[in-house]
Amino acid sequence: MPMKIGEKPFFGRVDDALEKTFMRTAMASAQDRLRGRKLDATVRDEQIGDWEEWRSAGEEIRRHTLENLDYYLNQLSENFSRKGGHVYFADTAEDATRYIQEVAKKKNAKKVTKAKSMVTEEIGLNEALEEIGCQVFETDLAEYILQIDDHDRPSHIVVPSLHKNKEQIRDTFRDKAGYTGTEEPRELTAFARSQLREVFLEADIGITGCNFAVAESGTISLVTNEGNANMVTTYPDTQISVMGMERLVPTWEELDVMVNLLSRSAVGQKITTYVTNLTPQLEENSVDAPKEFHLVILDAGRSNALGTEFQSALHCIRCAACVNVCPVYRHIGGHAYGSIYQGPIGAVLSPILGGYDEYGELPFASSLCAACSEACPVRIPLHEQLIRHRENYVAQKGKMSEKLAMKAFGIGASTPSLFQGAVKGLPAIMKPLVKDDGISSGPGPMKLWTAVREFPVPEKNNFRSWFKSHKQEGES
Amino acid sequence: MAEGIVHNKDAFLNRIASKLGRERTEAVVLPKWKHQPQWEVFKNDGADDLLGTFRKSSMAKSALVIQTERANLAATVKEAIEKYGGGLVVTTKDRRFAEYGLESLLADSKTHVWDAGLGKRNIEIAKQANIGVIFSDISLAESGTIVQFNDKDIARSVSLLPVTYIAIVPQSTLVPRMTQATQMVHQAAAEGKDISTCINFISGPSNSADIEMDIVIGVHGPVEAVHIVVADK
Ligand code: SF4
């Protein structure tokens, strides 16, 4: 699935999302649980000392690495290839998929297993492989659920099937895969295990993303829980790992810090069940290891952020902590973002990767409450970057008529005050509303989003009715 | 493998450098980090403290912990195998089995010792096996983690395919946390040594919380895990 999801304009997608009550409650309760677990494993875990120190450590490492990105990528590439691995530097998503298609063709590959990876979603790899006749198996439970539900779209970067409840999953398994059991997660999971068991062993190619690459040794590190990534990287003769070009650390010592930040922030674990570190090997003498190892390093718009005010967006380690505290995400859900990257980081990253024409409205999907920046384990000033994006977007669109600009927003001429409110609020947007608690503060600059600023939102002031009445006001 | 092929590197890296507003950097010195909280964790803990922490963390990750003396290790392993249903057992090929007096386990007719010479047949056996027995190379107290440096003998499959893995954890392998383990690997890499093709940090049975955030133990890897800590000092 490529980065872009759906064709509807942003506010149309918001409407769609708000129709789905289950999805909203599911999102809210999942958010609460993820957030609670993260707090238990971070600020509330006395064993690790001051969490703020860890965040500073993460920030410091990421900044240095990105400032010297060319150097460390070169080091990674040299070490990886010295040990027999092949490296492909892909300028675009198309370059990456073309290279992987070529490898698959050369290997005459029929079956491909995949571990969870947002970057392969971003480049639309499954479609590209299916195009040349490969059968692609998603093996992460959440991705598996989406895949058998006719390629449903991911709604969360850590748990892509977050919008589905167990009954829906049971029905999908029943309708699409002949499942006859109950909606018990244990039973559903066992079904996925039995369906994929043989596939793991038969696959010709195993494909993974990359949580972190280690430059000093040419190693790919995968941070997972289900054991599927191990299956994917152990049995096929060929392994292909795809990484965003920013996803690396200089040495194993920094890997330690980053894995700790990621495990705790993403899923509230001291460490995930598996941290699997794979380095190509010169001697092909292991029975259960790939014989060929390819690393695809992807730009695909990332370099747009280098040397700009958005460079630190590339520090992101995809933990979704910002998503899990975002009141806007809570109410509109992941699909409304129309990008495989949702929530605050999605709103920052998508316009960098895909441009303002496609994603320029996403930065407005924020109350600027700054909870995201506070939650981020590597201290990316997300809400400030959202403001910069808004400024850029409006500056770019400013040249067009208001009507056209409204169209660009997908709001249509029927809701002028909504749009005017948004644009006229701009001077105020320049001043972020950050309070110590980072969640709730004075009146927001963007009226459209301020009604959902409180976290959690009281029932009587729900976003849906607010959004509706505001739209009507606009029409009168 | 011969040396791998690298495509499109220079154009790619030159673009990065130019976006960063400079020429390509030839040498970068890793700074001394201002923030290093990782070294403070369990800094003053002795062996017993670490053991206590390892026990608790292993249990939190749904791994059973058994403590034993070297003299009783063989009996303890046997008991654990029976407790988890017996049947076919697969082990890595590791001289520590002999060093720790586990020859009887290896000699058992229901035990298969990984033998790279047998090729893929090993995988078939490991797939059928109920239990995989391995040694931990480094063990992390903070998270109840065992570390394996996999190679052709310390095969990845042994802790992955069977329903249960039993890890023998020599107490001397206990360190506070991942920091000490990665430091060792870093030193090896810095000295130009080849590091293991798969360095696997494993903390208990495989699991998932992807369905309504409910934790289910046992997904694609093992369903049960046992950590047998053996005093070895
Ligand atoms: S921006 Fe920060 S909090 Fe959000 S996903 Fe990235 S690292 Fe995590």
Between B/Y84 and B/Y165, does the ring centroid distance fall short of 6.0 Å? no
Please check if the number of heavy atoms outside B/K56 that lie under 6.0 Å from its NZ is greater than 12. no
Answer with side chain, backbone, both or neither: which region of A/E246 has an atom nearer than 4.5 Å to a non-hydrogen atom of chain B? neither
Taking the cut-offs as 6.0 angstrom to the six-membered ring centre and 45 degrees off its axis, would you call A/R197 and A/F200 a cation-pi pair? no
I need the residue from A/R186, A/R302, A/M231 with the largest number of non-hydrogen atom pairs under 4.5 Å to chain B. A/M231
A/E167 bridged to A/R170 by N-O distance under 4.0 Å: no
Choice from A/A57, A/G58, A/G307 maximising heavy atom contacts with chain B below 4.5 Å: A/A57
Is there any residue in residues 204-211 of chain B with a non-hydrogen atom under 4.5 Å from a non-hydrogen atom of chain A, and which ones are they? B/G204, B/P205, B/S206, B/N207, B/S208, B/A209, B/D210, B/I211
What part of A/I271 gets closer than 4.5 Å to chain B, counting heavy atoms only: side chain, backbone, both or neither? both
For A/E78, is it the side chain, the backbone, both, or neither that has a heavy atom closer than 4.5 Å to a heavy atom of chain B? side chain
Does any backbone or side-chain atom of A/R33 lie under 4.5 Å from a heavy atom of chain B? Answer side chain, backbone, both or neither. side chain
Between A/L66 and chain B, which part of the residue has a heavy atom less than 4.5 Å away: side chain, backbone, both or neither? backbone
Side chain to side chain contact (heavy atoms under 4.5 Å, CB included) assessment of A/K83 paired with B/D194: CA-CA 9 Å; A/K83 291 170 188 158; B/D194 267 345; 3.5 Å; yes
Proximity breakdown for A/V267 and chain B, heavy-atom pairs closer than 4.5 Å: neither
What part of A/L222 is in contact with chain B, defined as an atom under 4.5 angstrom from a non-hydrogen atom: side chain, backbone, both or neither? neither
Side chain, backbone, both or neither: which part of A/L201 has an atom under 4.5 Å from a heavy atom of chain B? side chain
Residue A/T65 versus chain B: region with a heavy atom under 4.5 Å: neither
Note: vs chain B, highest number of non-hydrogen pairs under 4.5 angstrom among A/K270, A/H86, A/E59 is A/H86
A/I169 versus chain B, heavy atoms under 4.5 Å apart: side chain, backbone, both or neither? side chain
Please state whether the side chain, the backbone, both or neither of A/Q269 comes within less than 4.5 Å of a heavy atom of chain B. side chain
Under 4.5 Å heavy-atom distance to chain B, tell me which part of A/D95 shows up: side chain, backbone, both or neither. neither
Knowing that exactly one of B/V133, B/V90, B/L88 qualifies, which makes a side-chain contact (heavy atoms from CB on, under 4.5 Å) with B/P162? B/V90
Of A/A192, A/A190, A/S263, A/S77, the largest count of non-hydrogen pairs under 4.5 angstrom with chain B goes to A/S77
With a 4.5 angstrom heavy-atom cut-off, is it the side chain or the backbone of A/E184 that approaches chain B, or both, or neither? neither
Please classify the contact between A/A305 and chain B as side chain, backbone, both or neither, with a heavy-atom cut-off of under 4.5 Å. neither
